[in-house]
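Worksheet: one structure, shown below.
Note: hydrogens, waters and symmetry copies are ignored here, and every other heavy atom, side chains too, is used. Numbers here are sequence positions counted from 1.
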Amino acid sequence: MHSPDMDSLPTEILLNIFTKLTISDLCNVSLVSKKWNTISSDSTLWKFFILNIYVDQVHELDMIAGIARLARATTITITGRGEKTTHVRNMIKDSHFCKIRNLKCLDTLTISLCNLSQVSLKLLSSTIDSLSSLTLDRSYLTKLHYLHLMKDLSFGKHLEKLTIIRPKYGLLDVSPNILASAVTSVQEVTFRFTQLDHQQILAILTQIVNSKDIILKDLDIRDNNMYGIPQNLLLRVAKTLTQFRYNHYSYIYSPSWLHVNQQWRNHYLLRDEA
């Protein structure tokens, strides 16, 4: 009796097996045979592939998009070289950002440790139009960029998830009403170390409670100053949203290193998260 041949298996079964493989394994099995190469190129296998590139490789996105499999990637992460985001080597220019926008399948964009100060407001807005998720992690945008971004979101962008972590200048220059309108127009919002002031936090929470048909479901504002926010308002927001995360402490009364060292932070805080 002959041993079973993998090539004799139906395409549907092989496709199901290939979904369990890593990206490197997929590349290897594509070399086995013509049939396996065709199956391993199926768009469903590459849909959730995360394309990780450095900021100095952004200009190569046209070449990457020419590779059939990589062109189907819906998620891209762009990371700067080193911690100094304002450095010229971490800068993304308009010409580079156009290449990002031109990726047809792009749905989720994460930018870490990059300088976006030279990207035009119009180009930034048009790129966000095609996204469902945007993450800006320790990246440098001007105060005008953040103001323009929040205004765009308040008018109802397609964006479903917004994450901003440790922006260089914070979000202090965005008016409380605009910020509150932007936050409540997105399903999932994360603002970590964004230096939100009392009025901004109060405006966001008040609008959440007072809005009847709210889009926002998940809000994470940990590592912001919660001093002076009424406890009853926090409880009402927690009941309104599916998930609401915040810290029960203020940096005003905390050592300067408290927000940096997780171990000591957990040691000194009575309650860390809601």
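Counting only residues at least two apart or on different chains, the salt bridge (Lys or Arg N to Asp or Glu O under 4.0 Å) pairs with a member in residues 98-108 are D62-K99.
Taken together through direct or relayed side-chain contacts under 4.5 Å among Ile, Leu, Val, Met, Phe, Trp and Tyr, I215 and F191 form parts of separate hydrophobic clusters. Residues F155 and L124 are members of separate hydrophobic clusters, defined by side-chain heavy-atom contacts under 4.5 angstrom among Ile, Leu, Val, Met, Phe, Trp and Tyr. When the side chains of ILVMFWY residues are joined at heavy-atom separations under 4.5 Å, either directly or via intervening members, I165 and L219 end up in two distinct hydrophobic clusters. Cluster annotation: V183 is connected to I178 through the hydrophobic network of ILVMFWY side chains, with a link wherever side-chain heavy atoms come within less than 4.5 Å. L153 and L241 fall within the same hydrophobic cluster, defined by Ile, Leu, Val, Met, Phe, Trp and Tyr side-chain heavy atoms under 4.5 Å apart, directly or through other members.
Side-chain contact check for I229 versus H198: some heavy-atom pair is nearer than 4.5 Å. Put simply, the side chain of K217 does not reach to within 4.5 Å of the side chain of Q243, judged on heavy atoms. At a threshold of 4.5 Å between non-hydrogen side-chain atoms, the residues I78 and T110 do not count as touching. Using a 4.5 Å heavy-atom threshold, the side chains of L205 and F244 count as touching. With a 4.5 Å cut-off on side-chain heavy atoms, L172 and D197 count as touching. Between I208 and L216, the closest side-chain pair of non-hydrogen atoms falls below 4.5 Å. Between K161 and T135, every side-chain heavy-atom pair lies at or beyond the 4.5 Å cut-off. By the 4.5 Å heavy-atom criterion applied to side chains, Q200 and V174 are counted as neighbours.
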Does D137 form a side chain to side chain contact (heavy atoms under 4.5 Å, CB included) with L113? I'd like the steps, not just the answer.
CA-CA 6 Å; D137 179 12; L113 300 169; over 6 Å; no
R81 vs D56, salt bridge (Lys or Arg N to Asp or Glu O under 4.0 Å): CA-CA, chis, key distance, verdict:
CA-CA 8 Å; R81 300 278 191 178; D56 51 9; 3.2 Å; yes
Show your reasoning for whether side chain to side chain contact (heavy atoms under 4.5 Å, CB included) applies to R166 and T194.
CA-CA 5 Å; R166 208 185 291 273; T194 49; over 6 Å; no
Chi angles and distances behind the side chain to side chain contact (heavy atoms under 4.5 Å, CB included) call for L202, L233
CA-CA 9 Å; L202 202 59; L233 179 60; 3.7 Å; yes
List the steps and the verdict of side chain to side chain contact (heavy atoms under 4.5 Å, CB included) for L14 and K35.
CA-CA 10 Å; L14 283 173; K35 180 180 179 179; 3.9 Å; yes
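The distance from atom CG of L234 to atom NZ of K239, rounded to the nearest 0.5 Å, is 12.5 Å. How far CG of N90 is from SG of C114: 6.0 Å, rounded to the nearest 0.5 Å. Note that CD of Q57 is 9.5 Å distant from OG1 of T79, once rounded to the nearest 0.5 Å. Between the CG atom of L106 and the OG1 atom of T127 there is a distance of 8.5 Å, given to the nearest 0.5 Å. Distance check: T184 OG1 to L179 CG gives 9.5 Å after rounding to the nearest 0.5 Å. The distance from atom OG1 of T206 to atom CD of Q199, rounded to the nearest 0.5 Å, is 9.5 Å.
H145 pairs in a side chain to side chain contact (heavy atoms under 4.5 Å, CB included) with only one of the listed residues (L116, L136, L121), which is L121.
At distances below 3.5 Å, at least one donor-acceptor pair connects side-chain atoms of T240 with backbone N or O atoms of R236. The backbone N or O of E12 lies less than 3.5 Å from no partner atom in the side chain of N16, so there is not a single donor-acceptor pair. Between the side chain of S154 and the backbone N or O of K151, at least one donor-acceptor pair lies under 3.5 Å.
Y246 does not carry R222 over the face of its six-membered ring by the limits of under 6.0 Å from the centre and within 45° of the normal.
Residues S181 and Q207 approach most closely at CA-NE2, 3.5 Å, considering heavy atoms. For the residue pair T142 and S117, the shortest heavy atom distance occurs at CG2-CB, 3.9 Å. Residues L196 and N224 come closest through the heavy atom pair N-OD1, 3.2 Å. Looking at every heavy atom in both residues, S139 comes nearest to Y146 through O-OH, 3.8 Å.
Between R245 and D218, at least one side-chain N (NZ, or NE/NH1/NH2) sits under 4.0 Å from a carboxylate O, which counts as a salt bridge.
Side-chain N/O atoms of E160 and S132 include no donor and acceptor closer than 3.5 Å.
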